[in-house]
Amino acid sequence: MTPTGSPAAFSTGHPNDTWLFGWNPTPGIVSVWAEASGRALVWRRVEGQVIFSEERFRPWILSTTLADLSHVGSALSRSSHPADAASALSFCELNGPQGSYRYLLTTQHWRTLERALLAGAARRLGQPVTSLYDLDEYYRVGLVEQYLMQTGRVYFRGLIYADLHRLQFDLETTALDPRRGRIFLVAVRDNRGLATTIDAASPADERRLIADLCALIQERDPDVLENHNLYGFDLQFLEYRAALLDVPLNLGRREGPALLERYDEPVSWGWRRRSRTTYSVAGRELVDTLEAVRRYDFSVRELSSYRLKDVARYFGLAAPDRVYIPGNAVYETYQQEPERVRRYALADVAEVDGLSQRLLGAPFALAGMAPRRYTRLISAGPAMGILEPMLVRAYLQAGAALPAYPSSGPEDLAGHAGGAAYLFATGIAEHVVKADIASMYPSLMRTYQIGPAGDRLGVLLHLVDRLTDLRLSHKEAARHAPHGSLEAGHHTALQQAMKILINSAYGYLGAGRMALFADRAAADEVTRRGREILEHVVRALKERGMVLIEADTDGVYFAVPAGWSAEQERALVADVGATLPRGINLEYEGRYRAMFSYEVKNYALLTYDGQLIVRGVALRSSRSERFGERFLQQALHAVMIGDIVGLQRVFRETVEALRSRSLTAADVATRVRLTKTPEEYKRSRAAHREAPYEALLAAGREDWRPGERVRYYRAADGSYRWLPDETDEPAGLAEGDAQEQDSAAETFQRERMPSTHAELRNDYDVEQYVQVLLTTYAGRLRKAFAPEDFDQIFRLDPQIGLFDRPIEDIQPLWIRCSNAG
DNA sequence: GCCAACCGGGG
DNA sequence: GTGTACGGTTGGC
């Protein structure tokens, strides 16, 4: 290996910070292109200028054995240090026990090594071997990762996010499928002031549009190309159209190969294997903000849609006068009002830029630590995708062998006990406090020094240690920097990146047999300690007279005596926290006026300023009829303030509104997604009728597309009625041929009108919806009452029952101290 | 009510 | 060069 820096040359104050940030100080790397031949192209941004350099590296792989190279004989040479290797094939022995990855095999050209190993392995195993990834004897990473781990370099050293030159482009096309539609417009902007569109009004102009787009990108020379669903749409479309029109697609930097490299990766989402396409170009990083949104929502779980427009609104990025055009009407609109579409497309790219600023700070900061491309860090899993490469780099830097994969013995099949979850009480509680243990699992790892047994150098625990301290200092620095400043953003991004790494350390311990340093026993020890701590907190709260409601893994809800102030609550939490071991911190997370405890992790909270928060699926309805949702909101609010009279009133009013037909079809309609094609439904219809299709057929719609969302309701005569809404896609639009485009335009014109006549109809099936109200919505409050009280409150027949008592006397099932009366 | 299958996004 | 991490909805039985 030929490092251009040494570990001593880069330090940020701690001898082992190189485990965190790499050991090579080279600043400003914005892109790396590594080839199997050992050529690496590196672009750096230094003082605003881009500097290109061509470098050499030796492709490498780690192995537990030399057996598969015995057939090459003297072609394999030994070197005492990897940096000394010069021959076509060589190996260096690392420090480590038998069975560990103690052979670092290096080569001049990756294919030489790969061919030799595949041939050797095939001979050893007596069957053909097609991929080294299938063999446990080898630990292999991608070429760019090889380069970064070998050199100790990382991306973006010394840069802040605003230093990156980012360009967004967004295609507008006449159809979704590039075989059936073409590009008629592209909007382009960058974070250096560019904002423009390129038109191709006639099909003959499309070739010029693509060429102009490439030329503009070359001229602006950005480090990053960004868009929403860039991989899934824009690049696929561009690739197809450029090939069809035989126009070169030069998106990369001129010093590198002018190609758009495509990977069709098998990806498992859950257990299911699917394929997705990604791309890369030399010299520029590609950023798909859709991936960043997915990653964001993975932890936050708040987005109901990942569509650009929805996400932009969610983050408050959408301009108030933003133009909205339904996707299937964009081309029609362009033909009549091209300027409107240009503004629409420019708003799209502006929102992508906003999303980038909002979501990509953390991946940017991670790229300054982990030996991986920036692009990959946007969607990489934090444990295997980020932490493990850092661990591997640290071991290579130390000349130490990686441990063998942990053997999967029978103990691994035994159930792994996770966090504790307790439901202490159901019903309604008042004066509720939530407290939780800050970063519980990493804190436990740190406090009790629980790390993977195979981590002989103690890298993981060291990383958790340093990251925890550094994160606190960046949080602090972000707080003190001027709000909204570049400096604040920089520290916030680092803080977030560090949080991601810290939180993944525990997950990594339990990451199954494919993680090099996984350690099930250590993971179990962490959760065992966690349960111990949670039980301790619960006990301490009980001893202090608090009423426990529920506790889950690292947090607990409990009720305090009426009349307590927030200060008293905080003091209590601090008091309990003081009984915990050093390094384990109990935090006061919030206070609530009331809580409806339903099941573990399923509850509703009422804040002191009247906001209703509903958590867990059990309290929500998947049907989501508007009238039912409205009822449930009001009902939960009423029951949590103990207003049973009000609760019954809301119920009776809703029943009355249904029966008097003062609600509308839109209020009772439900929305489903179609799965069958018209042909499939026609086949199954005789055996089994399904409401949404019947609704369409009854409305005269014989054509639809699976995936289409359909709103419908049940009418008084028992039939189902379709209720088209503003954003519904008309039939067959994916095909995008001329007729269908026309129908799209017509539909669009029709649907721009605020609310259609159909929405205001009131011919719904009253008793059906009364039953829905009672069973689906009111039923969710069953656990808040004694059975006879529930029946009395929600009785449909308003005559007095034999055992009724005055409604004023009915109380919900309060969760209260027994001694408080 | 339970289980398996499917989808997310882009014009 | 991945990924061993989904979650909500729907339809079929």
Side-chain angles (χ1 to χ4, degrees), chain A residues 34 131-133 140-146 170-178 180-185 227-237 263-276 278 280 288-291 293-295 297-299 301 303-311 325-334 341 344-345 348 372-373 376 379-385 388-389 504 507-508 510-515 518 617 620 622-624 670-676 680-681 684 687-688 690-693 706-707 709 729 733-736 741 744:
Chain A
S131 167
L132 292 173
Y133 284 111
R140 179 193 165 183
V141 298
L143 289 164
V144 173
E145 283 79 4
Q146 290 177 31
D170 184 45
L171 305 184
E172 302 302 329
T173 64
T174 60
L176 283 170
D177 184 339
R180 312 212 180 219
R182 61 181 176 86
I183 309 166
F184 66 88
L185 187 113
N227 197 20
H228 203 67
N229 205 10
L230 180 69
Y231 294 135
F233 182 71
D234 298 80
L235 288 177
Q236 291 188 32
F237 210 108
Y263 314 94
D264 291 304
E265 304 169 355
V267 167
S268 40
W269 294 65
W271 313 115
R272 199 145 278 294
R273 291 177 77 79
R274 300 176 70 178
S275 147
R276 72 158 195 186
T278 61
S280 51
D288 189 337
T289 51
L290 175 59
E291 295 196 317
V293 167
R294 284 199 184 112
R295 155 74 81 77
D297 197 48
F298 185 81
S299 49
R301 304 241 173 265
L303 296 173
S304 52
S305 148
Y306 295 166
R307 277 186 279 265
L308 175 64
K309 280 79 173 168
D310 297 333
V311 177
I325 307 174
N328 57 38
V330 172
Y331 183 53
E332 310 309 310
T333 308
Y334 177 74
V341 173
Y344 164 81
D348 276 1
R372 301 201 66 186
R373 302 187 62 162
R376 301 251 47 112
S379 53
M384 295 294 288
E388 183 160 290
S504 63
Y508 184 75
R513 60 173 286 278
M514 293 311 285
V617 289
R620 288 168 208 247
S622 64
R623 302 172 52 104
S624 306
T670 189
R671 192 197 213 104
V672 301
R673 182 183 293 275
L674 302 181
T675 53
K676 291 179 175 163
E680 283 164 345
Y681 184 63
S684 67
H688 181 58
E690 296 170 52
Y693 301 100
R709 288 183 181 85
E729 294 180 50
L733 245 277
E735 311 310 320
Q741 290 295 338

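The shown structure was predicted, so the numbers you read here are calculated from the model rather than taken from an experiment. Within every chain, numbering begins at 1; the chains are lettered A, B, ... in the order of the sequence lines, protein sequences first and strands thereafter.
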**Item:** Rounded distance in Å between the C1' positions of B:dG11 and C:dC6
**Value:** 27 Å

To the nearest Å, how far apart are [X] [atom1] and [N] [atom2]?
X      : N      : atom1 : atom2 : answer
A:D177 : B:dG10 : CG    : P     : 17 Å
A:I325 : B:dG10 : CD1   : P     : 15 Å
A:Y508 : C:dG3  : OH    : P     : 15 Å
A:L303 : C:dC6  : CG    : P     : 18 Å
A:Y231 : B:dG8  : OH    : C1'   : 18 Å
A:E291 : B:dG10 : CD    : P     : 14 Å
A:N328 : B:dG11 : CG    : C1'   : 8 Å
A:D297 : B:dC7  : CG    : P     : 20 Å

Using a heavy-atom cut-off of 4.0 Å across all strands, would you classify [X] as base, sugar-phosphate, or nothing?
X      : value
A:D310 : nothing
A:T289 : nothing
A:L171 : sugar-phosphate
A:R295 : nothing
A:D170 : sugar-phosphate

Phosphate OP1/OP2 of [N] contacted by [X] side-chain N/O (<4.0 Å):
X      : N     : result
A:R376 : C:dT2 : yes
A:S305 : B:dG9 : yes
A:R372 : C:dT2 : yes

**Asked** Residues two or more places apart in sequence or in another chain: which of them pass salt bridge (charged side-chain N to carboxylate O under 4.0 Å, His left out) with A:D170?
**Response** none

**Request:** Return the set of residues passing salt bridge (charged side-chain N to carboxylate O under 4.0 Å, His left out) with A:R373 (not counting sequence neighbours), or none when no residue passes.
**Result:** A:E285

With the side chain of [X] defined as its heavy atoms from C-beta on, choose the nearest nucleotide among [options].
X      : options               : result
A:Y133 : B:dG9, B:dG11, C:dT2  : C:dT2
A:E145 : C:dT2, B:dG11, B:dG9  : C:dT2
A:M384 : B:dG11, B:dG10, C:dT4 : C:dT4
A:H228 : B:dG11, B:dG10, C:dG1 : B:dG10
A:F233 : B:dG9, B:dG11, C:dG1  : B:dG11

Measuring only between side-chain heavy atoms, which start at C-beta, is [X] closer than 4.5 Å to [Y]?
X      : Y      : answer
A:E388 : A:Y508 : yes
A:V341 : A:V330 : yes
A:Y306 : A:E291 : no

**Prompt:** About how many Å separate CZ of A:F233 and CG of A:L171, when rounded to the nearest 0.5 Å?
**Reply:** 6.0 Å

**Message:** Between B:dG8 and A:Y306, counting only base atoms on the nucleotide and side-chain atoms on the residue, is there a donor-acceptor pair under 3.5 Å?
**Reply:** no

